[in-house]
Amino acid sequence: MTIDMSQFYQVFFEEAGENLTAMESLLLELDVEAADLETLNAIFRAAHSIKGGAGTFGFSDMAEVTHVLETLLDRLRKQELTPTVDMVDAFLQAGDVLKSQLQAHQEGEEYEDSRVAEVCALLEHLAHADEPTAAVAAPLAAAPTRWRLAFAPQQIGQGAATERQALFASLAELGQIQDQSGDTATRCIWQITTASGREAIEELLAFVCDPRQIELENVELEAASGQRPAVTAPMPSAETETAYGFFEPVPATANTAASGADPGYGFFDDAPGAEATQDHEQTGYGLFGGSPGMTQVAAVAQQAQLDNKRGYGFFKDLSGYNEVAANPSPTAASATTPAASARPAANRSTPADAANKRPATAESSIRVSVEKVDQLINLVGELVITHAMLADSAAGLDPVVHERIMGGLSNLERNSRDLQEAVMSIRMMPISFVFNRFPRVVRDTAATLGKKVTLKLIGEDTELDKGLIERMADPLNHLVRNSIDHGIERPEVRQAAGKSETGEIVLRASHRGGSVVVEVSDDGAGLNREKLLAKAAKQGIPMPDNPPDKEVWQLIFHAGFSTAERVTDISGRGVGMDVVRRNIEEMNGRVEVDSTAGRGTHITIRLPLTLAILDGLSVRMGSEMFILPLTVIQESIQPHPEQFKTVVGKGRIAQINDEYLPLVSLHDVFNSGQPEPDPIAGILVIVETNEGRAAVLVDELVAQHQVVIKSLETNYRKVEGVSGATIMGDGRVALILDVDALVRLSRR
C-alpha cells in the first residue's frame with residue numbers, strides 16, 4: 001500500500017514554522033558566556049525535528065541544511081565546543097535560509113540561493129574549528145569505500161516500491177550505487193561506493209526503517225579478512241540508552257537491554273511522554289513532532305522511560321525488561337565512557353529532576369481555519385443584531401403583563417454576550433506572536449548601526465484579536481527600528497552624557513478598559529523640538545506660534561517628514577511614520593507621542609480588543625443616528641452659553657474646566673442641510689483623539705449599545721469621518737464615527 005505523504009505537508013509546514021520560531025527565540029536568549037545546557041538541547045531538538053520531517057517528506061534541501069546545523073549543535077550540547085557569538089550568528093543565518101526554503105515549498109517551488117552553500121560551509125567550518133586543518137581535510141580526501149546492503153523489501157517503510165526507489169535515489173547522492181538483487185523478489189542487495197562512512201548511510205536509512213534490520217557490510221573488509229564482519233548495526237555506546245522503537249527487536253536485544261544500550265529508535269519526535277528522550281536523540285530518527293494520533297500512545301510512552309536520561313518506548317515492553325530495570329547489572333551500571341563521567345555533575349539529571357524541569361502535560365487542541373472562526377463570529381454578530389431588533393420591538397410592551405417575554409429577552413441578552421465573549425476568545429491570541437520577532441530585529445538593527453541596545457518585553461500574554469495582531473507587525477517594526485536609529489545614541493555619546501553605553505527599548509502591552517494599549521519607549525536622546533519646528537517651516541507645514549509639545553511631536557507623522565541627516569536602509573525617506581499612523585487608524589486605533597529631551601521617547605498605541613464588535617453610545621443629529629465608541633468618550637456635559645467662543649485661526653472652541661477644546665458640530669461636518677439648533681439645547685461629548693481632547697456637539701444621547709461593525713468601504717465606499725457602520729434594532733443603519741477624522745474635518 002502506497003501512502004500519499006502530501007496530505008501531511010501542511011502539518012509539517014506548521015510544525016517546522018513553530019520550531020524555527022522557537023529556535024530563533026532560544027538562540028537570542030542564549031548567553032554565550034554561560035550557555036545553559038537545557039537551552040542548547042532545546043535548540044538541538046527543534047533542528048532535529050525539522051530535519052526528520054524534511055527528510056520524511058522529501059525536502060532534501062532543508063534536510064541538508066539542518067544536518068550541518070545539527071552537527072554543530074550536537075558538539076555544543078555535548079560540551080565538545082564552547083558557544084561563540086559567531087556560532088549564534090551562523091545559526092540565525094541558517095534559520096533565515098530554512099524559513100525561505102520552507103516558504104518556497106509551501107508555494108510548491110524550489111528555493112535556490114547562494115546563501116545555502118555559504119551557510120552550510122560556515123557551519124561546517126565552525127563545527128571543526130577546534131580540529132587541525134589536516135584532520136578536517138582527511139575525511140574529505142578519504143578513499144571511496146564499497147558497502148553492501150541486504151534487506152527484505154517489506155522492511156523499507158510500508159514495503160512499497162516507490163519508497164525503495166526514493167531510498168535508492170537518496171543513497172545515490174552519496175556515491176555510485178548498483179542494484180544487484182537479480183531476479184529474487186524476497187531479497188534486495190545494493191552496493192554503494194562512497195567516501196562517506198557508515199554513519200552517513202545509516203542516517204539515511206533511519207528515515208524509513210530501523211538501520212539494525214539492514215545488513216550493512218564493508219565489502220573491502222570482507223574480502224581482505226575472508227570473514228563477515230561480526231557487527232552489522234551501529235555499536236551501542238554509553239550515550240545510547242535503552243529504548244523500544246518502532247520495529248521488532250533483533251536477536252541481540254536482550255543483551256543490549258541488559259547493558260543499557262539502545263535497541264530501538266522512537267518513530268516520532270515530541271510525542272507525549274517522550275520529553276526526556278529528546279535531549280539525547282541520535283541524528284536522523286523521529287519524523288516529526290506532535291503528530292496527530294500520538295495521544296493514543298501517551299500512556300505507554302510514559303511507562304517506557306527506562307533510564308536516567310531517556311526512554312523512547314511507544315509499544316509493548318520487551319520480555320524480561322522489568323527484571324533488568326529493577327536489578328541493573330554491574331556491567332550496565334559501569335558502562336560509562338570517560339567523556340561522560342568527566343562532565344560536570346550539575347549537567348546530569350535524574351528522572352525526578354527531568355520531571356520537575358519539564359512535566360509531561362497532555363494538551364488537547366485542534367487546528368481550525370481562520371475562515372471558519374470568522375464565519376462563527378459573523379453569525380454571533382447577526383445574533384446580537386437579532387436580539388437588538390427583538391428588544392426594540394418589545395420596548396412598548398407592559399413588563400408586568402409580558403413578564404415571561406421580558407425575562408426571556410433578558411436571558412437571551414446575557415447568553416448572547418457570553419456566547420460572543422467565548423467566540424471572540426477563539427480569535428484572541430497573545431501579543432507575544434508579534435513581540436517575539438523583535439529580539440532579532442533589535443539585534444540585527446543595532447549591529448548594523450554600531451549601537452548597543454537591549455530589548456525588554458512586558459505583558460506578552462496580553463490577548464488581542466488575530467486580525468489586529470497580524471496588522472500590528474509592520475507599525476511596531478517601524479517604531480522599534482526608528483527608536484534604534486533616531487532615539488538610541490551611539491555608545492560613546494551615551495557615556496559622554498552620563499548614561500550606560502547600552503540603550504534600552506521597552507515593548508509593553510496591557511488591557512485598559514475596553515482597549516489594548518501597546519507602548520514603545522526608549523531611553524535615548526528624545527525628540528528635538530527646535531529641529532522639528534525648523535523642518536516643518538522648511539517644508540511649509542503651517543504651525544501656530546509657540547505650539548504645545550504634543551502638537552509638535554505629531555509632526556513626525558506628516559508624510560515625507562524626516563529629521564534624518566542622511567538616507568539609510570533604515571530611515572531618512574520620510575515614508576514611515578505617516579504609514580504607521582494610517583495603519584493604526586484603519587484599525588480604529590490611536591497613536592500618541594510623548595518625549596523628553598535627553599531621556600527618551602514614549603509612543604502609545606490604543607487599539608480596540610476586536611474589529612468585529614464594540615460597545616458604543618448612540619447619539620442623534622437631527623433625524624440621523626450615529627455611534628461613538630465608548631473607548632474614546634471621557635464625559636458628556638450640558639453646555640452653558642459662556643463656554644462657546646471663537647478664536648481667529650482655530651474656529652469655534654469650547655471652554656471645559658479652563659481648557660479650550662476644538663468644537664466639532666456634527667451638523668457642520670456632515671452638512672445636514674438643516675439650520676443648526678441652538679448649541680445650548682445640545683450635549684457636548686468630550687472625546688480623546690490623537691491630537692488631544694475635543695468636544696463633539698450632538699442633539700441627544702440615546703443609549704449604550706453593543707454593536708456589530710460592518711465595513712462601509714466594502715459595502716459602499718470610504719466616507720471621511722466614519723470608520724464603519726452597524727444595524728440598529730429598528731433595522732436602520734447607523735454610522736460609527738471616527739473622532740480623529742472628525743477633528744481634521746472640522747478644521748477645514
Side-chain angles (χ1 to χ4, degrees), residues 373-427 513-515 588 608-639 666-667 670 672 674 677-678 680-687 696-712 715 722-737:
V373 177
D374 288 343
Q375 183 182 11
L376 191 58
I377 289 175
N378 288 335
L379 290 174
V380 172
E382 295 301 323
L383 181 62
V384 171
I385 293 173
T386 302
H387 169 265
M389 290 181 175
L390 289 173
D392 186 73
S393 300
L397 299 178
D398 186 340
V400 177
V401 177
H402 301 90
E403 181 180 358
R404 294 184 63 185
I405 293 179
M406 295 303 179
L409 284 173
S410 178
N411 289 335
L412 177 61
E413 179 182 14
R414 182 174 63 254
N415 293 335
S416 297
R417 185 175 288 271
D418 291 344
L419 177 62
Q420 173 223 320
E421 291 176 355
V423 172
M424 293 306 302
S425 68
I426 298 176
R427 270 189 67 98
S515 303
N588 297 330
L609 281 175
T610 176
L611 293 178
I613 297 175
L614 64 78
D615 289 318
L617 179 69
S618 57
V619 298
R620 184 178 59 81
M621 178 203 76
S623 60
E624 298 295 329
M625 199 74 73
F626 296 91
I627 303 293
L628 277 170
L630 278 183
T631 54
V632 304
I633 299 175
Q634 293 189 337
E635 60 178 322
S636 58
I637 61 173
Q638 184 78 44
L666 294 185
H667 281 275
F670 292 111
S672 64
Q674 301 175 359
D678 185 0
I680 308 303
I683 299 291
L684 285 179
V685 182
I686 312 304
V687 297
V696 179
L697 180 62
V698 301
D699 294 348
E700 181 187 4
L701 304 182
V702 181
Q704 179 179 332
H705 302 276
Q706 187 178 62
V707 299
V708 179
I709 303 174
K710 301 290 184 180
S711 173
L712 193 63
N715 298 286
V722 175
S723 61
T726 189
I727 301 174
M728 303 297 290
D730 57 3
R732 291 193 301 169
V733 173
L735 301 180
I736 302 172
L737 299 176

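Residue numbers run from 1 in the order of the sequence given.
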Item checked: Pro639 versus Gly682, closest heavy-atom pair with distance -> CD-O, 3.3 Å
Notebook entry, point to check: Under 6.0 Å from the CD atom of Glu700, do we count more than 12 heavy atoms belonging to anything else shown?
Noted result: yes
Margin query: Which residues pass the side-chain hydrogen bond (donor to acceptor under 3.5 Å, both in side chains) test with Ser416, not counting sequence neighbours?
Written below: none
Checklist line | Worked verdict on Met728 versus Val733 for side chain to side chain contact (heavy atoms under 4.5 Å, CB included) | finding: CA-CA 6 Å; Met728 303 297 290; Val733 173; over 6 Å; no
Margin query: Could you tell me if the side chain of Met389 sits less than 4.5 Å from the side chain of Ile727, heavy atoms only?
Written below: yes
Check: Side chains of Leu628 and Ile736: closer than 4.5 Å at any heavy-atom pair?
Finding: no
Margin query: If I take atom CD from residue Glu624 and atom NE2 from residue His667, how far apart are they, to the nearest 0.5 angstrom?
Written below: 10.5 Å
Checklist line | Where Leu630 and Gln704 come nearest, the two heavy atoms and their spacing | finding: CD1-NE2, 3.3 Å
Next item on the list: Determine, step by step, whether Val702 and Val619 satisfy the side chain to side chain contact (heavy atoms under 4.5 Å, CB included) criterion, reporting the C-alpha distance in whole Å, the side-chain angles of both residues, the deciding distance to 0.1 Å, and the verdict.
Entry: CA-CA 5 Å; Val702 181; Val619 298; 5.8 Å; no
Margin query: Any heavy-atom pair between the side chains of Val698 and Val685 that's under 4.5 Å?
Written below: yes
Checklist line | Gln375, CD: over 12 other non-hydrogen atoms inside 6.0 angstrom | finding: no
Check: Is there a donor-acceptor pair closer than 3.5 Å between any side-chain N or O of Ser410 and the backbone N or O of Met406?
Finding: no
Notebook entry, point to check: Does Val722 reach the side chain of Phe670, with side-chain heavy atoms less than 4.5 Å apart?
Noted result: yes
Notebook entry, point to check: Atom CD1 of Ile686 and atom CD of Glu635: how far apart are they, to the nearest 0.5 Å?
Noted result: 5.5 Å
Notebook entry, point to check: So do His705 and Asp615 actually touch side chain to side chain, heavy atoms under 4.5 Å?
Noted result: no
Check: Is any side-chain heavy atom of Leu409 less than 4.5 Å from a side-chain heavy atom of Leu390?
Finding: yes
Checklist line | Shortest non-hydrogen contact between His402 and Leu397, atoms and distance | finding: ND1-CB, 3.8 Å
Check: Rounded to the nearest 0.5 Å, how far does CG of Asn378 lie from CG of Leu383?
Finding: 12.5 Å
Margin query: I'd like to check Ile627 versus Thr726 (side-chain heavy atoms, cut-off strictly below 4.5 Å). Are they in contact?
Written below: yes
Margin query: For a 4.5 angstrom cut-off between non-hydrogen side-chain atoms, does Val423 reach Leu419?
Written below: yes
Note to self: Which heavy atom of Leu697 sits nearest to which heavy atom of Leu684, and what is that distance?
What the structure shows: CD1-CD2, 3.9 Å
Checklist line | Over all atoms of both residues, closest heavy-atom pair of Ala725 and Leu735 | finding: CB-CD2, 4.2 Å
Check: Are the side chain of Asp392 and the backbone of Ala388 linked by a donor-acceptor contact shorter than 3.5 Å?
Finding: no
Margin query: Using the side-chain contact (heavy atoms from CB on, under 4.5 Å) definition, which of the options Asp699, Leu701, Ile683 pairs with Arg620?
Written below: Asp699
